[in-house]
Amino acid sequence: MKKRGLIVVDLQNEYLPTGKLPLSGIEAAAANAARTIAAARENGIPVFHIRHEFANGEAPVFVPGTDGVEIQSSVSPAGDEPVIVKNHINSFRDTDLKQQLDTRGVEEVVVVGAMSHMCVDAIVRAAVDMGYPTTILHDACATLDLEFNGVKVPAAQVHAAMMAAFEFGYGTVKSTDEYLTA
């Protein structure tokens with residue numbers, strides 16, 4: 001069996017109902033991520049936390065030094081778990097994430113976090129491109145309603161489309177319960 005690592009993507013206060021960019025289902029997703037993190041810790045699986053910040057105030061969200069950029073308390077890092085700060089959608093871009101994974105001997109990854117259609121999408125595709133077999137826990141991820149060309153797309157449909165795309169060609173998509181009982 002390959003050595004596994006858990007990547008927790010951007011589960012930050014900004015996405016909570018009290019944040020500037022609240023996501024649909026974020027509290028349930030964070031609760032499932034917390035269960036997954038607890039199981040990883042119990043089983044010696046390394047946990048990697050990703051925290052998004054926009055450098056130089058280039059966006060009204062994820063502003064360095066604000067409460068919004070802080071990792072949600074329910075999924076806070078523990079011990080020596082690394083926190084990788086990123087300034088781009090892709091968690092591998094201009095960070096040491098790959099080096100951190102390789103240093104700990106990680107050969108396959110499990111991804112949880114936010115937003116399904118942005119940062120989760122980018123990390124899943126990049127991880128697979130780098131050769132990491134990838135599992136996505138669909139109920140430990142969240143997103144929001146979108147609109148394109150006058151068409152409103154509910155968060156549940158955005159999320160389902162992303163998970164279907166992952167399952168079609170990028171990785172294994174499971175529920176938290178399926179993953180934890182496997």
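Being a predicted model, the structure only gives us computed values, none of them experimental. One-based numbering along the sequence shown.
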- Message: Using side-chain heavy atoms (C-beta onward) and a distance below 4.5 Å, is Tyr132 in contact with Lys98?
- Response: yes

- Message: Grouping I, L, V, M, F, W and Y whenever their side-chain heavy atoms are under 4.5 Å apart, do Val83 and Tyr15 come out in a common cluster?
- Response: yes

- Nearest heavy-atom approach of Ala182 to Lys174 is CB-NZ, 4.1 Å

- Message: Please report the interatomic distance CG(Leu97) to CE(Met130), rounded to the nearest 0.5 Å.
- Response: 7.5 Å

- Query: Could you state the interatomic distance from CG (Asp139) to CZ (Arg35), rounded to the nearest 0.5 Å?
  - Reply: 7.5 Å

- Sort out for me which residue in Thr172, Val47, Thr135 forms a side chain to side chain contact (heavy atoms under 4.5 Å, CB included) with Val110. Thr135

- Please tell me if the side chains of Asn32 and Val112 come closer than 4.5 Å, counting only heavy atoms from C-beta onward. no

- CD1 on Ile123 to CZ on Arg93, rounded to 0.5 Å: 14.5 Å

- Task: Answer yes or no: is there a side-chain heavy-atom contact under 4.5 Å between Tyr170 and Ile136?
- Result: no

- Message: With a 3.5 Å distance limit and no angle check, can you tell me whether Gln72 reaches the backbone of Gln12 through a side-chain donor-acceptor pair?
- Response: yes

- Please check if Phe48 and Val109 belong to a single hydrophobic cluster, counting links between Ile, Leu, Val, Met, Phe, Trp and Tyr side chain heavy atoms closer than 4.5 Å. yes

- Query: Would you call His88 and Lys86 a side-chain contact if the rule is heavy atoms closer than 4.5 Å?
  - Reply: no

- Between Pro22 and Gly19, what is the shortest heavy-atom contact and its length? CD-O, 3.6 Å

- Task: May I ask you to check whether over 12 heavy atoms, not counting those of Glu81, lie within 6.0 Å of atom CD?
- Result: yes

- Would you give the length of the straight line joining atom CZ of Arg4 to atom OH of Tyr179, rounded to the nearest 0.5 angstrom? 4.0 Å

- Measure the spacing between CE of Met163 and CG of Leu137 and express it to the nearest 0.5 Å. 9.5 Å

- Side-chain heavy-atom pair Glu53, Asn87 within 4.5 angstrom cut-off: yes

- Message: Side-chain heavy atoms nearer than 4.5 Å, only ILVMFWY residues, links allowed to pass through others: does that put Leu144 and Val153 together?
- Response: yes

- Specify the closest pair of heavy atoms between Ile45 and Gly5, including all atoms of both residues, with the distance to one decimal. CG2-CA, 3.9 Å

- Message: Between Ser76 (side chain only) and Ser73 (backbone N and O only), is there a donor and an acceptor less than 3.5 Å apart?
- Response: yes

- Residue pair Val61 / Phe54: nearest heavy atoms and the distance that separates them: O-CD1, 3.3 Å

- Between Ile84 and Asp96, does a side-chain contact (heavy atoms from CB on, under 4.5 Å) hold up when you go through it step by step? CA-CA 7 Å; Ile84 294 100; Asp96 68 347; 3.8 Å; yes

- Query: Roughly how far, to the nearest 0.5 Å, is CD of Gln157 from CE of Met162?
  - Reply: 14.5 Å

- Query: If every non-hydrogen atom of Ser74 is compared with every non-hydrogen atom of Ala30, which pair is closest and at what distance?
  - Reply: OG-CB, 3.9 Å

- Pair Arg125 + Asp129: basic N to acidic O under 4.0 Å: no

- Would you mind reporting whether Asp10 and Val120 have side-chain heavy atoms less than 4.5 Å apart? no

- Any Ile7 side-chain heavy atom under 4.5 Å of Ser91 side chain: no

- Message: Tell me whether Lys20 contacts the main-chain N or O of Pro60 through its side chain, where contact means a donor paired with an acceptor under 3.5 Å.
- Response: yes

- Is the backbone N or O of Lys3 less than 3.5 Å from a side-chain atom of Glu107, with the two atoms forming a donor-acceptor pair by type? yes

- Message: Thr18 vs Asn13, test: side-chain contact (heavy atoms from CB on, under 4.5 Å). Steps then yes/no.
- Response: CA-CA 8 Å; Thr18 55; Asn13 292 335; over 6 Å; no

- Query: Would Leu146 and His117 count as a side-chain contact (heavy atoms from CB on, under 4.5 Å) if you check the C-alpha gap in whole Å, the side-chain angles of each, and the deciding distance to 0.1 Å?
  - Reply: CA-CA 10 Å; Leu146 294 178; His117 74 284; 3.6 Å; yes

- Query: Does the Asp121 side chain pair with the main chain of Ser116, one donor and one acceptor, at a distance under 3.5 Å?
  - Reply: no

- Task: Give a yes or no answer on whether the side chain of Asn90 reaches the backbone of Phe92 with a donor-acceptor pair at less than 3.5 Å.
- Result: yes

- Message: Give me the atom names and distance for the closest heavy-atom approach of Thr143 to Ala155.
- Response: CG2-O, 3.5 Å

- Query: Linking I/L/V/M/F/W/Y whenever any side-chain heavy atoms sit under 4.5 Å apart, do Val63 and Leu21 land together?
  - Reply: no

- Is there a donor-acceptor contact under 3.5 Å from the side chain of His159 to the main chain of His138? yes

- Close side-chain approach of Cys119 and Ile50, heavy atoms under 4.5 Å: no

- Message: When you group the ILVMFWY residues by side-chain heavy-atom contacts below 4.5 Å and let the links chain together, are Leu23 and Phe62 in the same group?
- Response: yes

- Message: I'd like to know whether Ile26 forms a side-chain contact (heavy atoms from CB on, under 4.5 Å) with Leu11, so could you lay out the CA-CA distance, the side-chain angles of the two residues, the decisive distance to 0.1 Å, and finally the verdict.
- Response: CA-CA 8 Å; Ile26 188 62; Leu11 287 179; 3.8 Å; yes

